[in-house]
Number of protein chains: 2
Amino acid sequence: MHFGKSALTHPLNPTYPLETFTIKDIARELNISTSTVSRALRGSYEINPETKRLVMECAARLNYRPNPIALSLKGSASRAIGVIVPQIANYFFSQAINGIEAIAYNRGYHVIIFQSQESYEREVANVQQASSRKVDGLLISLSSETSDVSHLKDLQEKNVPLVLFDRVSPELEATQIVADNFGGAFSATEHLIQSGRRRIAHLTIQPWLSITRERLAGYRAALEKYGLEFDDTLVRYGTFGSDEVGPMVDELMRLESPPDAFFTASDRLAVGCLQALRQRQLQIPEDVSLIGFTNLNVADLLDPSLSTVVQPATEIGQVAAERLIDLIERKQRALPIETVKIPTELIVRSSTRLSGQQQPLSVART
Amino acid sequence: MHFGKSALTHPLNPTYPLETFTIKDIARELNISTSTVSRALRGSYEINPETKRLVMECAARLNYRPNPIALSLKGSASRAIGVIVPQIANYFFSQAINGIEAIAYNRGYHVIIFQSQESYEREVANVQQASSRKVDGLLISLSSETSDVSHLKDLQEKNVPLVLFDRVSPELEATQIVADNFGGAFSATEHLIQSGRRRIAHLTIQPWLSITRERLAGYRAALEKYGLEFDDTLVRYGTFGSDEVGPMVDELMRLESPPDAFFTASDRLAVGCLQALRQRQLQIPEDVSLIGFTNLNVADLLDPSLSTVVQPATEIGQVAAERLIDLIERKQRALPIETVKIPTELIVRSSTRLSGQQQPLSVART
DNA sequence: TTGTAAGCGTTATCAG
DNA sequence: CTGATAACGCTTACAA
């Protein structure tokens, strides 16, 4: 005689809520076939209401949970989305993931997270792994090393829905969600100019990133609007470690015609810059103005003399996740492929005006 | 006649690196059985070296990747570990995850991340989901609502290796990795006392969390060592929003005998406290001293007048992941169940001494 | 040394 | 309306 698992171990024992029951257990319990159970469970098709009731009742009693692994193997939805980011321990990305997870949870999806660690090679591996884990869709922010995006094109050929966010690529025909980097950089630069600054340095990250190009474009557009000449000695690119920002700022300040303002592309650059300027005994914003791109919650922690352009990290994650799940859930209809720009906010926390007159905290949304 | 997938689509076409080949494809290609391929691939068993070579070569050529879903279904290792944290968008946890992911990647594991959002209910759901996704092991930091840990005990009964970190529970017989919260709080408090402070307020989080209790104990131990009376009106618990810290500080400062120093349990509390004190026109550290528990990279961003006890977030994640994977990989041997304390660092960034004499930056490891 | 077949949990197809 | 059966990709007795 053969005993089923539940008979041998703990039949319906409520103290074992994590005991894994399968569709088979329900079938055996009710003396019906697994296919009937399956049909009853997914409410589909022609099924005797009474049978269905029995199955549902039994499933509830056993605390039955469909095995997502088996579902994925079967080829149907895994209800998991993959997220690939360069670094989790970067406030922008962790906030974005927070937004993604919130939306995913509400809509019944899991989030599997991968870090590319800014490595192209790891990113390719991540895409493969996500693919082989049968994610229903993928959200990605490109590593700084990535220029070739064929791994993502391949994914699209396999009909895996794809949405890019923040670090995007014009080479992909995919929905892309970004902050309004151009607008943010434009208003920051414009604000500095309107405060009387004329030599505005721009410290930024790797030049080939989409976000870098957009911010640079916004910076240039503002200069142009006010008839200021673009001087490329004032623009510095790089992956600055915390030790490298100081020397860079020093070098700029030793120029024949040194900057009277700094616009930086990250909170880390802003803080490095701030410290370097303070070491030179310069007052901010009296002697030199400073505005940095930052992430929402980090902005709270920063020095009150620092004005910032705040990136809507959580919102970018939310919008990206929403778009992705929309794509997943109605694959049939062609959804528009578009680049969505989420507005940034310029927060002026203390006067950056030369006049010296104290200005109240002001907020401008691009 | 039947054409295999690769024959129909793109036979060995190198422009399709994400084409999914299976063990069957290799078998068909080589006219051998799938079991032979399987054996060759996992190097096991008695197998003709030549066959093995052929299989390996073919697998490499097709860029074969075993389907992890099928592997998990089979019941063998999924090479994925689950991580449950209260909030990803919290610098401590995102750094810890960073450490976890680094170790996991090196040892060939994936990381599936869940957020409990500080909700007990969600935490229970997360554990179930992780379990049904067949993670090989689970890392968890408890939600602030969690007091009952039977969901984790259930998991242990299913022989899923479990390691807790940061927010742990004495009720579980499991490896637990924590910062040396007692030691950190002790040195911070001791430093304040040695600087001449006598009325040290302690702003902290929910009283039932392990980390809260340990820090409070360290605080009390330091008071006791120096013969100072413990005054519970100086200790405030809560989940302070950014608007609530100010009033709390104000309330304390209106006491008949107000505090002359603050020791806070988070960077957010520290910043809130700092701002509230400044609004009262108090100089730090001259009028009131302030030390906060912070996370490593956040510490860089903070105001230079703020001394901090730095939590080794990344290291906690790394150690936790290492322990978990050790547990997973040698299930047979009983590994010691222990609580590992990772040292914290007290960083004094500007003098907190009453003497007013400037003191160089100093670092003490607990 | 290799092949055959069963099975992991589920669903889809096809017969009753 | 319900029950067999095959299939998803892989491993593993067991048989040859």
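This structure is a prediction, so every number in the text was calculated from the model and none was measured. Sequence lines set the chain letters: A, B, ... in the order given, protein chains first and strands last, and positions in each chain run from 1.
- Listed nucleotides: dC1(D), dT1(C), dT11(C). Nearest to the side chain of N48(B): dT1(C).
- Counting atom types as modelled, S33(A) pairs no side-chain N or O with a base atom of dA4(D) as donor and acceptor under 3.5 Å.
- Atom CZ of R53(A) is separated from atom P of dC1(D) by 16 Å (rounded to the nearest Å).
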Take Q176(B) and T339(B) through the test side-chain hydrogen bond (donor to acceptor under 3.5 Å, both in side chains) and record every step on the way to the result. CA-CA 5 Å; Q176(B) 320 214 13; T339(B) 295; 5.2 Å; no
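- Comparing atom distances between the P49(A) side chain and each of dT11(D), dT10(C), dC1(D) picks out dC1(D) as nearest.
- T51(A) comes within 4.0 angstrom of sugar-phosphate atoms only, judged by non-hydrogen atoms across all strands, and of no base.
- Listed for the S72(B) side chain is no donor-acceptor partner under 3.5 Å among the backbone atoms of K134(B).
- Closest heavy-atom contact between D136(B) and P161(B): O-CD, 3.2 Å.
- When the C1' atom of dT1(C) is taken as reference, atom CG of L54(B) falls 14 Å away, rounded to whole Å.
- Pairing each heavy atom of I26(A) with each of C58(A), the nearest pair is CG2-SG, 4.0 Å.
- The phosphate of dG7(C) has neither OP1 nor OP2 within less than 4.0 Å of any side-chain N or O from K24(A).
- When distances are taken from the side chain of K74(B) to each of dG9(C), dA12(C), dG7(C), the shortest belongs to dG7(C).
- Between dC10(D) and S38(B), no contact under 4.0 Å exists linking OP1 or OP2 to a side-chain N or O.
- At the phosphate of dT11(C), OP1 or OP2 sits under 4.0 Å from a side-chain N or O atom of R42(A).
- With distances taken from any side-chain atom of S35(B) to the nucleotides dT5(D), dC8(C), dT12(D), the minimum falls on dT12(D).
- Straight-line distance from the CG atom of L41(A) to the P atom of dG9(C): 15 Å, rounded to whole Å.
- Rounded to an integer number of Å, the gap from CZ of R28(A) to C1' of dG9(C) is 13 Å.
- The interatomic distance linking I32(B) (CD1) with dC10(D) (P) rounds to 14 Å, in whole Å.
- With rounding to whole Å, L71(B) atom CG is found 16 Å from dC8(D) atom P.
- In this structure, N31(A) atom CG and dT2(D) atom C1' are separated by 14 Å, rounded to whole Å.
- Within the nucleic acid shown, L73(A) comes within 4.0 Å of at least one base atom, counting heavy atoms only.
- Checked by distance alone, R39(B) brings a side-chain donor or acceptor within 3.5 Å of a matching partner on the base of dG3(C).
- In this structure, the CZ atom of R79(B) is 16 Å from the C1' atom of dC10(D), given to the nearest Å.
- Using a 4.0 Å cut-off between a side-chain N of Lys or Arg and a carboxylate O of Asp or Glu, E101(A) and R122(B) qualify as a salt bridge.
- Each of T34(B) and Y64(A) was assigned the nucleotide of DNA chain C with the nearest heavy atom; the assignment lying further toward the 5' end belongs to T34(B).
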